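Both backbone and side-chain heavy atoms feed into the values below; hydrogens, waters and symmetry mates do not. Remember, it's a predicted structure, so these values are computed and weren't measured experimentally.
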Amino acid sequence: MKILIAKDEAFNFIYRSNVDALGDMGDVTFFSPLHDSLLPNCDLLYLPGGYPELYLDKLSHNKSMRDTIRNYAEMGGMIYAECGGFMFLCDSIDNFPMCGVLPLKATMANAKLHLGYRQMYLSCNGKEILIKGHEFHYSEIASDAGLAMYGNIRCERNQLTAKGMKTNTTLYRYKNVVAGYTHWYWAEVGFPFFSGYHKNKMDI
(Lines give C-alpha, C1' and ligand atoms only; values in the text may rest on other atoms or scores of the structure.)
Protein backbone atom coordinates (compact mmCIF):
# COMPACT_ATOMS: atom_id res chain seq x y z
CA MET A 1 0.00 0.00 0.00
CA LYS A 2 1.35 3.42 -0.98
CA ILE A 3 0.65 6.03 1.69
CA LEU A 4 1.33 9.66 0.87
CA ILE A 5 1.57 12.37 3.53
CA ALA A 6 1.68 16.13 2.99
CA LYS A 7 4.66 17.70 4.71
CA ASP A 8 5.97 21.24 4.20
CA GLU A 9 5.72 24.71 5.75
CA ALA A 10 1.92 24.70 5.46
CA PHE A 11 1.28 21.14 6.65
CA ASN A 12 3.47 20.06 9.55
CA PHE A 13 1.26 19.33 12.58
CA ILE A 14 1.19 15.55 12.90
CA TYR A 15 1.65 12.88 15.58
CA ARG A 16 4.87 10.99 14.92
CA SER A 17 3.28 7.84 16.37
CA ASN A 18 0.53 8.05 13.74
CA VAL A 19 3.12 8.14 10.97
CA ASP A 20 4.80 5.08 12.49
CA ALA A 21 1.44 3.27 12.61
CA LEU A 22 0.84 4.07 8.94
CA GLY A 23 4.30 2.68 8.22
CA ASP A 24 3.06 -0.68 9.53
CA MET A 25 0.33 -0.58 6.88
CA GLY A 26 2.49 0.20 3.86
CA ASP A 27 5.16 2.38 2.32
CA VAL A 28 5.01 5.98 3.58
CA THR A 29 6.34 8.83 1.46
CA PHE A 30 5.97 12.60 1.72
CA PHE A 31 5.12 15.37 -0.72
CA SER A 32 4.56 19.13 -0.67
CA PRO A 33 1.26 20.76 -1.70
CA LEU A 34 3.21 24.03 -1.71
CA HIS A 35 6.20 23.09 -3.87
CA ASP A 36 5.20 20.02 -5.92
CA SER A 37 3.11 20.51 -9.04
CA LEU A 38 1.26 17.18 -9.12
CA LEU A 39 0.01 14.63 -6.61
CA PRO A 40 2.19 11.49 -6.69
CA ASN A 41 0.52 8.09 -7.10
CA CYS A 42 -0.84 6.68 -3.86
CA ASP A 43 -3.46 4.40 -2.30
CA LEU A 44 -4.07 6.66 0.71
CA LEU A 45 -3.54 10.40 0.96
CA TYR A 46 -3.10 12.01 4.39
CA LEU A 47 -3.37 15.79 4.70
CA PRO A 48 -2.38 16.66 8.29
CA GLY A 49 -2.79 19.89 10.18
CA GLY A 50 -0.65 22.98 9.91
CA TYR A 51 -0.98 26.59 8.87
CA PRO A 52 -2.35 26.85 5.32
CA GLU A 53 -3.77 30.27 6.19
CA LEU A 54 -0.19 31.61 6.16
CA TYR A 55 0.41 30.39 2.60
CA LEU A 56 -2.89 31.10 0.88
CA ASP A 57 -1.44 32.86 -2.14
CA LYS A 58 1.06 30.10 -2.91
CA LEU A 59 -1.44 27.27 -2.31
CA SER A 60 -4.09 28.91 -4.48
CA HIS A 61 -1.62 29.55 -7.31
CA ASN A 62 -0.59 25.88 -7.36
CA LYS A 63 -3.64 25.01 -9.44
CA SER A 64 -2.19 21.81 -10.88
CA MET A 65 -1.78 20.37 -7.38
CA ARG A 66 -5.26 21.45 -6.32
CA ASP A 67 -6.75 19.93 -9.47
CA THR A 68 -5.00 16.57 -9.08
CA ILE A 69 -6.12 16.28 -5.45
CA ARG A 70 -9.72 17.06 -6.43
CA ASN A 71 -9.57 14.56 -9.30
CA TYR A 72 -8.12 11.92 -6.98
CA ALA A 73 -11.06 12.43 -4.62
CA GLU A 74 -13.63 12.32 -7.42
CA MET A 75 -12.15 9.05 -8.70
CA GLY A 76 -12.71 7.48 -5.28
CA GLY A 77 -9.23 7.90 -3.86
CA MET A 78 -8.92 7.56 -0.08
CA ILE A 79 -8.17 10.86 1.64
CA TYR A 80 -7.94 11.56 5.34
CA ALA A 81 -7.57 15.25 6.23
CA GLU A 82 -7.49 17.02 9.58
CA CYS A 83 -7.57 20.68 10.59
CA GLY A 84 -5.31 22.53 8.10
CA GLY A 85 -5.57 19.62 5.67
CA PHE A 86 -9.36 19.75 6.00
CA MET A 87 -9.32 23.49 5.24
CA PHE A 88 -7.23 22.77 2.14
CA LEU A 89 -9.97 20.45 0.83
CA CYS A 90 -12.60 23.20 1.09
CA ASP A 91 -13.68 25.45 -1.77
CA SER A 92 -11.74 28.34 -0.33
CA ILE A 93 -9.98 29.87 2.66
CA ASP A 94 -10.82 33.56 2.97
CA ASN A 95 -11.77 33.64 -0.73
CA PHE A 96 -8.49 32.07 -1.89
CA PRO A 97 -9.38 29.00 -4.03
CA MET A 98 -8.42 25.66 -2.52
CA CYS A 99 -9.06 22.08 -3.71
CA GLY A 100 -12.85 22.26 -3.88
CA VAL A 101 -13.36 18.66 -2.74
CA LEU A 102 -15.84 19.81 -0.09
CA PRO A 103 -18.27 22.69 -0.86
CA LEU A 104 -17.29 24.60 2.27
CA LYS A 105 -15.68 27.97 2.90
CA ALA A 106 -13.12 28.27 5.67
CA THR A 107 -12.29 31.64 7.16
CA MET A 108 -9.95 33.28 9.64
CA ALA A 109 -12.29 36.26 10.00
CA ASN A 110 -13.20 36.96 13.61
CA ALA A 111 -10.69 34.29 14.62
CA LYS A 112 -11.61 32.59 17.87
CA LEU A 113 -9.89 29.71 19.62
CA HIS A 114 -11.61 26.33 19.42
CA LEU A 115 -9.87 24.06 21.89
CA GLY A 116 -10.63 20.80 23.66
CA TYR A 117 -10.05 17.08 23.93
CA ARG A 118 -12.27 14.90 21.76
CA GLN A 119 -13.24 11.24 21.73
CA MET A 120 -15.35 9.17 19.40
CA TYR A 121 -16.56 5.59 19.13
CA LEU A 122 -16.21 3.77 15.82
CA SER A 123 -17.24 0.44 14.44
CA CYS A 124 -14.03 -1.06 13.06
CA ASN A 125 -13.73 -4.58 11.65
CA GLY A 126 -16.73 -5.74 13.65
CA LYS A 127 -15.49 -4.23 16.91
CA GLU A 128 -16.29 -1.00 18.64
CA ILE A 129 -13.23 1.08 19.43
CA LEU A 130 -12.62 4.43 21.08
CA ILE A 131 -10.26 6.97 19.56
CA LYS A 132 -9.12 10.17 21.18
CA GLY A 133 -7.69 13.43 19.94
CA HIS A 134 -7.87 17.16 20.30
CA GLU A 135 -9.33 20.17 18.53
CA PHE A 136 -7.17 23.29 18.27
CA HIS A 137 -7.85 25.96 15.66
CA TYR A 138 -8.76 29.61 15.18
CA SER A 139 -10.44 29.27 11.80
CA GLU A 140 -14.01 28.14 11.26
CA ILE A 141 -16.33 26.97 8.53
CA ALA A 142 -18.58 29.84 7.47
CA SER A 143 -21.55 27.45 7.29
CA ASP A 144 -22.30 23.89 6.31
CA ALA A 145 -26.08 24.36 6.26
CA GLY A 146 -26.10 24.16 2.47
CA LEU A 147 -24.68 20.64 2.50
CA ALA A 148 -28.23 19.29 2.86
CA MET A 149 -28.57 19.68 -0.91
CA TYR A 150 -25.60 17.36 -1.48
CA GLY A 151 -26.92 13.85 -0.94
CA ASN A 152 -23.44 12.32 -1.17
CA ILE A 153 -21.88 14.33 1.66
CA ARG A 154 -22.44 13.16 5.22
CA CYS A 155 -21.95 15.36 8.28
CA GLU A 156 -21.27 13.30 11.40
CA ARG A 157 -21.54 15.14 14.71
CA ASN A 158 -20.74 12.27 17.05
CA GLN A 159 -17.72 13.62 18.87
CA LEU A 160 -17.65 13.91 22.64
CA THR A 161 -15.60 15.96 25.04
CA ALA A 162 -13.26 14.29 27.53
CA LYS A 163 -16.17 14.36 29.97
CA GLY A 164 -18.50 12.61 27.54
CA MET A 165 -20.53 15.66 26.55
CA LYS A 166 -21.70 16.08 22.95
CA THR A 167 -19.99 18.66 20.77
CA ASN A 168 -20.79 20.37 17.48
CA THR A 169 -17.46 19.32 15.98
CA THR A 170 -18.15 17.69 12.63
CA LEU A 171 -16.54 14.93 10.64
CA TYR A 172 -17.32 15.16 6.92
CA ARG A 173 -17.47 12.17 4.57
CA TYR A 174 -17.59 12.39 0.78
CA LYS A 175 -16.99 9.28 -1.32
CA ASN A 176 -13.72 7.98 0.23
CA VAL A 177 -12.83 11.31 1.83
CA VAL A 178 -12.86 11.72 5.62
CA ALA A 179 -12.13 15.21 6.92
CA GLY A 180 -12.59 17.43 9.94
CA TYR A 181 -10.90 19.70 12.44
CA THR A 182 -9.97 17.12 15.10
CA HIS A 183 -6.42 15.79 15.32
CA TRP A 184 -7.01 12.10 16.09
CA TYR A 185 -4.46 9.80 17.71
CA TRP A 186 -4.86 6.27 16.35
CA ALA A 187 -1.41 4.74 16.82
CA GLU A 188 -2.67 2.25 19.41
CA VAL A 189 -5.69 1.05 17.41
CA GLY A 190 -4.50 1.20 13.81
CA PHE A 191 -5.85 3.52 11.13
CA PRO A 192 -9.64 3.10 11.53
CA PHE A 193 -11.38 5.67 9.34
CA PHE A 194 -12.31 3.56 6.34
CA SER A 195 -13.31 0.45 8.29
CA GLY A 196 -16.73 1.50 9.54
CA TYR A 197 -19.01 4.28 10.62
CA HIS A 198 -18.90 6.50 13.66
CA LYS A 199 -21.23 5.81 16.54
CA ASN A 200 -22.03 7.93 19.54
CA LYS A 201 -21.64 5.89 22.71
CA MET A 202 -24.67 7.68 24.16
CA ASP A 203 -26.82 6.20 21.41
CA ILE A 204 -25.75 2.56 21.90
Side-chain angles (χ1 to χ4, degrees), residues 1-8 10-33 36-50 52 59 62 64-91 98-104 106 118 120-127 129 131 133 144 147 150-156 158-159 169-199:
M1 186 178 191
K2 296 180 181 179
I3 301 168
L4 190 63
I5 302 176
K7 185 179 181 182
D8 57 25
F11 303 97
N12 51 29
F13 193 105
I14 187 170
Y15 292 127
R16 178 67 213 186
S17 295
N18 284 352
V19 176
D20 293 340
L22 290 174
D24 293 335
M25 295 171 50
D27 296 324
V28 173
T29 57
F30 299 90
F31 80 108
S32 169
D36 297 335
S37 59
L38 297 173
L39 182 72
N41 291 330
C42 64
D43 300 305
L44 171 64
L45 172 60
Y46 178 19
L47 300 172
L59 287 170
N62 195 352
S64 58
M65 175 59 72
R66 295 190 289 109
D67 287 347
T68 54
I69 290 177
R70 184 174 62 254
N71 291 338
Y72 176 77
E74 292 299 330
M75 293 296 292
M78 289 192 295
I79 301 178
Y80 171 70
E82 59 188 21
C83 206
F86 159 54
M87 294 166 65
F88 186 47
L89 291 185
C90 293
D91 271 341
M98 293 293 123
C99 294
V101 173
L102 299 171
L104 300 168
R118 301 289 177 255
M120 184 166 56
Y121 288 84
L122 297 87
S123 176
C124 182
N125 298 322
K127 297 180 180 180
I129 63 171
I131 59 170
D144 65 7
L147 289 184
Y150 295 91
N152 52 358
I153 296 178
R154 191 162 66 255
C155 302
E156 300 179 353
N158 301 322
Q159 297 179 43
T169 308
T170 305
L171 192 74
Y172 299 92
R173 288 182 179 266
Y174 170 67
K175 294 189 175 182
N176 285 322
V177 175
V178 178
Y181 269 120
T182 305
H183 299 269
W184 294 109
Y185 176 78
W186 66 76
E188 295 176 354
V189 298
F191 188 73
F193 295 99
F194 299 97
S195 299
Y197 299 99
H198 298 292
K199 292 183 178 180

Report task. Any chance you could lay out the side chain to side chain contact (heavy atoms under 4.5 Å, CB included) test for C42 and F31, step after step, and finish with the verdict? Result -> CA-CA 11 Å; C42 64; F31 80 108; over 6 Å; no

Query raised in the report: Is there a side chain to side chain contact (heavy atoms under 4.5 Å, CB included) between I3 and Y80 once you walk through the steps?
Result: CA-CA 11 Å; I3 301 168; Y80 171 70; over 6 Å; no

Query raised in the report: Given T182 and L171, is the side chain to side chain contact (heavy atoms under 4.5 Å, CB included) satisfied, shown in steps?
Result: CA-CA 8 Å; T182 305; L171 192 74; over 6 Å; no

**Report entry** Steps toward side chain to side chain contact (heavy atoms under 4.5 Å, CB included) verdict (F193, I131)
**Finding:** CA-CA 10 Å; F193 295 99; I131 59 170; 3.8 Å; yes

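Aromatic pair Y46/F191: ring centres not closer than 6.0 Å.
Residues L89 and Y172 are not in side-chain contact: their nearest non-hydrogen atoms beyond the backbone lie 4.5 Å or more apart. Using a 4.5 Å heavy-atom cutoff, the side chains of P48 and N18 are not in contact. The closest side-chain heavy-atom distance from N62 to P33 is not below 4.5 Å.
For the atom pair I79 CD1 and K175 NZ, the distance stands at 11.0 Å (nearest 0.5 Å). Expressed to the nearest 0.5 Å, how far CD of E156 lies from OG1 of T170 amounts to 9.5 Å. Within the model, atoms CE of M120 and CH2 of W184 stand 4.0 Å from one another, a figure rounded to the nearest 0.5 Å. Distance SG/C83 to CZ/F11: 10.5 Å, rounded to 0.5 Å. Here M78 contributes atom CE and D43 contributes atom CG; the two are 6.5 Å apart, rounded to the nearest 0.5 Å. The distance from the CE atom of M65 to the CG atom of L39 is 6.0 Å, given to the nearest 0.5 Å.
I69 and V101 get closest at one heavy-atom pair: O-CG2, 4.4 Å. What you find for Y185 and S17 is that their closest heavy atoms are CE1-CB, 3.7 Å. Nearest heavy atom pair, residue T169 against residue R118, reads OG1-NE, 3.4 Å. Residues G50 and F13 approach most closely at N-CB, 3.8 Å, considering heavy atoms. The shortest heavy-atom contact between K2 and N41 is CD-O, 4.3 Å. The minimum heavy-atom distance linking P192 with L122 is given by the pair O-CD2, 4.2 Å.
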Review item, side-chain donor-acceptor pairs of residues 22-30, under 3.5 Å, at least two apart:
none

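Remark: Y174 engages E74 in a side-chain hydrogen bond (donor to acceptor under 3.5 Å, both in side chains) (not counting sequence neighbours).
Distance alone, capped at 3.5 Å, places no donor-acceptor pair between the T68 side chain and the L38 backbone.
The neighbour count for K7 NZ, taken as heavy atoms of other residues, nucleotides or ligands under 6.0 Å away, does not exceed 12.
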